[in-house]
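Heads up, the thing below is written out as structure tokens.
Atoms within a ligand are numbered from 1 in the order they appear, just like the ligands themselves. Hydrogens, waters and symmetry mates play no part in the numbers below; they use all other heavy atoms, side chains included.
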Amino acid sequence: MRITLFFVLICQMIMAQPTLIQTLGLDDSHLVKLEGNQLTPKTAAAFCAMQTAALQDGIDLQLVSAYRSFERQQYIWEDKYKRYTAEGLPPKDAIDRILQYSTIPGTSRHHWGTDIDITDSNAPNQKRVLVPEKCHNNGPCAPLRKWMEENANRFGFYLVYTNDASRTGFSYEPWHYSYLPEAKHYQKQYDSRTAFAYFKSIGIYGSAYIDVDFWERYFTQFVIGVNKALLKK
Ligand SMILES: [Zn+2]
């Protein structure tokens, strides 16, 4: 009996760990649907609790984006790469410009189902609200930003790309939050070398200009260039 229970617990522990392909956005079978988006079940439950609390304070919290597959990130990457190089940017400059806001496919936290981009449906003028300036002063999403800064942590959500001059990597994104209790497992399981090997294996636009040295610098500056609270074990 004891051995059976021990075996079940071990199995549960193993099953609770994300797989390598789940960290790369190559598997969504573990996710649930919410408002047309996909999230891990625990992230979805925590988001719903936070959404209910926000509504009581007049903030209509809505998902703009959650899980994004490798394939979708590849489309975003290649679309920008083709546009920027068509405008005359040399390939390496085009890559630097993409990296202001978009990740290399296989390295997005959106691959995990633990990270969300949000907006406030009560904010006026909903078009293109994912702009930092619109979340400050009298901007339409300023009340949302303030509410999230004061309340998100108690629901397990943490801002990823903080407005912190000492942070490297992606620009400040006041709309992107991560559900730490789950995201920490993906962060731990993430293997940069595997991600690089997979990325190089499929011949994505611009990948010829990304070698292992570039990748390692990118990993240090961008992939772990996040809110330090998310890197705690
Ligand atoms: Zn995001």
Side-chain angles (χ1 to χ4, degrees), residues 18 22-26 28 31-40 42-44 46-47 50-51 54 59 61-80 97-121 123 126-136 139-142 144-145 147-149 152-153 155-164 167-187 190 195 218-219 221-231:
Q22 284 169 354
T23 67
L24 301 178
L26 296 167
D28 65 357
L31 305 177
V32 294
K33 281 215 169 77
L34 183 69
E35 298 171 4
N37 288 282
Q38 289 170 282
L39 295 162
T40 71
K42 285 179 186 169
T43 307
F47 176 78
M50 183 165 71
Q51 192 178 40
I59 307 288
L61 205 56
Q62 295 296 328
L63 292 172
V64 176
S65 178
Y67 170 76
R68 200 179 295 146
S69 67
F70 184 101
E71 200 181 353
R72 177 69 192 151
Q73 194 64 30
Q74 180 179 348
Y75 175 82
I76 293 168
W77 172 273
E78 293 193 323
D79 181 58
K80 287 188 176 181
R97 189 162 158 202
I98 300 171
L99 292 181
Q100 279 178 14
Y101 283 106
S102 298
T103 62
I104 298 176
T107 71
S108 175
R109 297 180 66 94
H110 280 291
H111 291 333
W112 301 348
T114 60
D115 282 46
I116 55 175
D117 293 334
I118 50 165
T119 188
D120 172 10
S121 284
Q126 283 293 306
K127 271 197 161 184
R128 298 188 65 80
V129 285
L130 301 190
V131 177
E133 297 72 45
K134 294 193 177 179
C135 300
H136 287 268
C141 282
L144 167 68
R145 176 192 54 78
W147 191 90
M148 288 297 286
E149 281 175 1
N153 291 175
F155 293 95
F157 287 91
Y158 285 76
L159 189 65
V160 177
Y161 306 112
T162 51
N163 196 10
D164 170 3
R167 187 180 60 75
T168 59
F170 297 107
S171 301
Y172 170 51
E173 293 188 1
W175 54 83
H176 183 134
Y177 276 80
S178 187
Y179 183 58
L180 177 60
E182 294 255 270
K184 67 181 180 188
H185 299 301
Y186 285 79
Q187 184 94 54
Y190 188 79
Y218 167 78
F219 180 80
Q221 291 177 9
F222 288 77
V223 179
I224 55 173
V226 295
N227 182 350
K228 286 195 174 68
L230 292 165
L231 299 174

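- Contact of the Gln187 side chain with the Trp112 side chain is registered, since non-hydrogen atoms from C-beta on lie closer than 4.5 Å.
- Atom OD1 is the N/O/S atom of Asp117 found closest to the Zn ion (ligand 1).
- Of the listed residues (Leu180, Ile116, Ile118), just one forms a side chain to side chain contact (heavy atoms under 4.5 Å, CB included) with Phe157, and that residue is Ile116.
- Rounded to 10°, the angle that NE2 of His110 and ND1 of His176 form at the Zn ion (ligand 1) is 100°.
- With a cut-off of 2.8 Å, the Zn ion (ligand 1) has no N, O or S atom of Glu173 in range.
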Q | side chain to side chain donor-acceptor pair (under 3.5 Å) assessment of Tyr218 paired with Thr107 | A | CA-CA 10 Å; Tyr218 167 78; Thr107 71; 2.6 Å; yes

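- Between the OG atom of Ser171 and the CG atom of Leu99 there is a distance of 10.0 Å, given to the nearest 0.5 Å.
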